[in-house]
Amino acid sequence: MGQLLVNGIVAGLLLALPALALSLTFSVLRFANYAIGSYLTCGAYLVYIGNVVLGMPLWLAAGAGAILFAVLAVAIDWLAYRPLRDRSGVTLLVASMGVAIALENVIRFFAGNSPRAYDVAVARPIRLGDVRLNHEQLTILMVVIVALAVVWIVFRFTRLGRMMRAVADNPDLAAVRGITRSRVVACVWLISGILVALSGVLVGLDANIEPQMGWTYLLPVFTATILGGIANPMAAVAGALTLGIAEEFATLVMPVHYRMIVTFLVMVALLLLRPWGLFGTRWVTK
Amino acid sequence: MTAYLIATLTVVAIAALVGLALNLQWGMGGLVNFGLFGFYMLGAYIAGLLTVQGAPPLVALAVAMIGVAALSAVSALISVRLSEDYLAIVTLGFAECLRLVISYEGWLTRGMLGVTGIERPFQNLWPRGFADIGFLAIALFAVLIVYATLQGLARSPFGRLVRATRDDPGVVEALGKSVLNVRVRVFAVGGAILGLAGGLHAFYYTYIDPTQFGPIITAYAFMAVVVGGRGSNRGVLVSAFTLIFLLEGSRFLVDYVHGLGASELAAIRLFIVGVGLVVLLIFKPDGFGREPRSTLAAKSSSSL
Amino acid sequence: MNGPAAGLELRDVVAGYGGQPILHSISFSVQPGERLVVVGPNGSGKSTLMKTVVGLLRPMSGAVRLGGADVTALGAPARAALGLAYIPQETNIFRNMTVLENLHVGYEFVAPSKGPTFSERLEAVLGLFPEIRVKLRSTAGHLSGGQRQMVAMAAALMPKPTVLALDEPSAGLSPRNAGLLFEVIGRVAASGVTMLIVEQNTQLGLGAADQGIVLVNGHVRLAAPAMTVRTDPEIRRLYLGGV
């Protein structure tokens with residue numbers, strides 16, 4: 001039981017960063033980015049280049065790759081999404097799918113379809129009583145918690161954080177209060193780019209690096225975000241943890257390969273019963 | 001070469017059916033279905049499995065159409081009170097789950113081994129060596145029937161209602177019509193077409209396994225609708241038989257271009273589809289075709 | 001900004017949505033330190049006028065001048081940096097942020113680095129709105145309508161603007177709260193800021209202003225001292241519904 005809880009928390013933390021990124025971009029741009037799965041894959045491969053091809057230590061490769069990918073995310077926004085900003089949300093949805101397909105196939109072209117792994121030393125798992133925690137899980141735990149803390153501090157206590165929250169809350173008022181929207185949008189893509197690329201590294205550590213890796217995370221990430229109430233970034237983290245733990249405990253009654261079905265059922269139940277999210281009530285809209 | 005042409009045309013005809021289905025759901029109805037490939041796969045499996053159990057192919061095809069229509073309707077019901085963003089993720093999730101179930105429930109679907117020996121309809125009708133061309137004729141006939149049906153539907157009062165629901169659901173509700181009802185019916189009819197396309201896929205290859213069905217099917221369909229012009233059935237047909245034909249036809253380049261394997265070529269092809277979608281949405285949002293309706297309504301759709 | 005009050009001028013402004021003009025060749029000017037109120041029936045283009053003044057809507061032709069400088073080409077953030085503060089109608093606060101954060105956002109993106117500090121301005125503004133001092137840590141969206149208007153005004157005044165634009169400040173308020181709010185507007189005006197007020201409540205609006213403009217169907221029908229507009233029975237009968 002303790003082991004299931006630990007695994008569930010780690011699975012939830014893996015979802016937390018991309019869910020936070022998705023919710024962040026949604027809150028400011030009102031657009032659900034379906035390319036987020038491909039973003040995750042792309043980040044993982046960029047870091048793979050640094051780590052394996054160029055021989056950097058993983059932490060350095062992860063840092064460099066995350067920043068590089070963040071810049072790429074801003075560039076994609078400029079090229080693909082910005083010209084469509086004034087169209088309907090559905091148009092942006094389809095465009096984001098186009099972006100996803102294009103990115104994923106750039107990766108397939110250069111890296112092929114075979115799975116790869118980061119160059120890290122294999123270490124024995126740590127035992128705490130009867131709970132086992134391997135080094136990858138420990139890394140995930142630490143990286144995600146630190147990243148979440150940083151984002152939370154930025155959100156709560158900095159000028160940049162107030163800027164993003166102001167635009168998410170009331171874009172017109174933010175403009176007349178002197179906030180330039182395009183700058184906020186760029187910051188949002190930078191932050192979510194870093195978060196998604198980092199989560200790509202963590203997923204790659206936890207499993208393999210392969211072109212499909214982000215695709216399998218798309219549904220859980222969306223579900224976690226909807227659980228949190230889609231425009232509420234910090235609640236998305238709570239949604240991710242809830243979903244991770246639920247998926248893990250569901251393995252008691254369902255085969256492991258049906259995790260996705262658990263996710264889907266959670267999402268359907270949620271959409272039918274509480275479409276504003278499990279934790280979404282605090283977002284004041286009236 | 002002729003065999004190659006026939007094969008490509010058959011694949012294109014099936015893709016055109018998927019495009020027409022999406023054009024009804026998204027082009028006319030404004031409902032994004034990212035899980036097209038799941039519904040298509042379901043159609044293929046229902047038709048394939050029933051046929052190998054001894055059901056006549058046409059009966060199997062009819063069951064596939066009804067089954068997929070019913071499940072499509074259910075998935076539209078799930079997102080009853082929600083915006084299109086949610087429908088997109090629900091359909092995608094549905095498709096992924098379906099693929100998992102088909103991959104792992106080997107007792108029913110033979111899992112990753114796949115279903116072999118699927119019988120085609122009317123396969124004894126054709127003289128020896130003409131089986132493929134005969135099947136192409138069936139596929140083209142199906143495209144024709146679906147096209148005619150959808151054209152009729154687009155011009156009918158129901159077609160107007162569907163477009164009105166897309167352009168302004170509030171007005172439709174105010175007129176006392178149920179938007180949910182329209183959405184569910186649009187999804188069901190689209191689902192029936194997807195079931196038909198999937199069934200034809202199973203018949204054509206006579207063998208199906210889960211790896212044949214992926215988001216690429218969805219990507220082709222969106223490409224066909226965006227190029228053809230949302231809402232224009234003729235546009236979808238034209239873009240399917242030109243663009244998808246070229247894309248599919250590029251498979252034969254494997255024999256001529258050195259250093260590029262089949263998977264690299266597939267990656268390039270899909271990269272073009274992805275970038276093309278974005279570029280078209282930016283620079284040619286109405287595509288190259290035109291929705292069959294009055295000019296006033298056409299004007300309002302350009303602001304989509 | 002921070003200097004003496006600046007004037008605001010519109011010259012032959014035509015503006016609207018989707019190529020359809022709503023405002024037809026509007027011209028007026030507000031002298032530095034003066035209060036001008038725009039009144040007129042529903043649908044006369046008052047909100048469009050306000051959006052054009054603050055830069056949320058670009059005019060199709062004509063010019064907007066702020067303190068003598070042509071700002072027609074500038075967007076809302078740039079105009080805010082030049083000392084134009086705007087309080088929109090109703091949704092005029094960040095509802096999911098605390099009152100203090102609202103005041104912070106009001107200050108930090110507009111105020112010049114050499115001007116008064118945040119805490120100096122906070123004290124000054126809380127002096128004008130003592131009612132919200134106890135609410136600084138509350139989520140702004142949970143306040144009452146009257147308190148929200150106070151927060152909106154306070155946030156707009158944080159950077160010490162030279163021109164304040166108010167869009168229907170009394171909308172959604174009870175008559176009593178509207179009266180209280182206009183008392184506060186009087187206090188703010190006394191501090192020397194130039195004011196442009198769009199108001200549906202003609203009695204309250206004109207009572208707080210120096211000059212009045214009657215806007216009907218996107219045309220300026222009358223521009224006169226507020227007292228004249230308010231008391232002249234002929235004007236009231238013709239343009240303001242005759243009550």
Side-chain angles (χ1 to χ4, degrees), chain A residues 26 30-32 34-35 38 76 79-84 86-113 211-212 215-216 218-220 222-223 225-226 230 255 257-265 267-269 271-272 275, chain B residues 26 30-32 34 75 77-90 92-101 103-105 166 214-216 218-219 222-223 225-226 230 260-261 263-283 285 303-304:
Chain A
F26 186 88
R30 298 285 141 184
F31 139 61
Y34 274 79
S38 302
I76 293 172
L79 290 172
Y81 300 145
R82 217 171 69 127
L84 295 170
D86 298 329
R87 309 271 189 80
S88 76
V90 177
T91 305
L92 271 170
L93 281 190
V94 177
S96 75
M97 201 189 58
V99 169
I101 296 167
L103 271 183
E104 197 184 305
N105 284 286
V106 170
I107 295 166
R108 278 185 202 278
F109 182 80
F110 288 108
N113 292 325
Q212 281 281 324
W215 181 252
T216 47
L218 193 57
L219 191 63
F222 265 82
T223 307
T225 313
I226 297 171
I230 188 158
H257 51 248
Y258 281 159
R259 289 181 82 106
M260 185 90 91
I261 293 180
V262 179
T263 308
F264 184 64
L265 292 178
M267 180 168 74
V268 167
L271 290 182
L272 287 175
Chain B
W26 177 47
L31 305 168
V32 174
F34 277 175
S75 71
L77 271 175
I78 292 173
S79 50
V80 35
R81 283 165 300 169
L82 305 164
S83 65
E84 301 86 353
D85 314 21
Y86 290 100
L87 189 59
I89 191 68
V90 166
L92 184 66
F94 180 79
E96 280 296 316
C97 291
L98 202 68
R99 180 155 68 168
L100 277 179
V101 171
S103 302
Y104 287 104
E105 297 303 312
R166 173 194 65 190
I216 166 93
T218 315
F222 272 92
M223 190 77 183
V225 175
V226 169
R230 269 168 283 175
L260 285 183
S263 63
E264 277 90 359
L265 269 177
I268 294 176
R269 200 160 56 229
L270 280 171
F271 176 76
I272 294 170
V273 171
V275 173
L277 264 179
V278 177
V279 170
L280 277 164
L281 285 174
I282 294 172
F283 295 106
S303 62
L304 264 180

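Letters A, B, ... are given to chains in the order of the sequence lines, protein chains preceding strands, and every chain is numbered from 1. All values below come from the heavy atoms of this structure, side chains included, with hydrogens, waters and symmetry mates left out.
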What I'd like to find out is whether the side chain of Phe34(B) reaches to under 4.5 Å of the side chain of Leu93(A), using heavy atoms alone.
yes
Search all heavy atoms of Leu281(B) against all heavy atoms of Leu84(A) and return the closest pair with its distance.
O-CD2, 3.5 Å
Can you tell me how the ring of His257(A) sits relative to the ring of Tyr104(B), calling it parallel under 30°, perpendicular over 60° and tilted otherwise?
parallel
Which heavy atom of Met260(A) sits nearest a heavy atom of Leu100(B), and at what distance?
CB-CD1, 3.3 Å
Please examine the side chains of Trp215(A) and Glu96(B), heavy atoms only from C-beta on, and report whether any two atoms are closer than 4.5 Å.
yes
Tell me, for Phe94(B) versus chain A, whether the close heavy atoms (under 4.5 Å) come from the side chain, the backbone, both or neither.
both
Using a 4.5 Å cut-off on heavy atoms from C-beta on, say whether the side chain of Phe222(B) contacts that of Met97(A).
yes
Beyond-backbone contact of Tyr34(A) with Leu92(B), side-chain heavy atoms, under 4.5 angstrom:
yes
Evaluate the side chain to side chain contact (heavy atoms under 4.5 Å, CB included) criterion for residues Val90(A) and Arg166(B): first the C-alpha distance (whole Å), next the side-chain angles of each, then the deciding distance (0.1 Å), finally the verdict.
CA-CA 11 Å; Val90(A) 177; Arg166(B) 173 194 65 190; over 6 Å; no
pair Ile101(A)-Met223(B): side-chain heavy atoms closer than 4.5 Å:
no
Between Cys97(B) and Phe264(A) the two heavy atoms that sit nearest each other are SG-CB, 3.4 Å
So do the side chains of Ile268(B) and Asn105(A) get within less than 4.5 Å of each other, counting heavy atoms only?
no
Compile the donor-acceptor pairs under 3.5 Å between side chains in residues 272-279 of chain B and protein atoms, sequence neighbours left out, one pair per line.
none

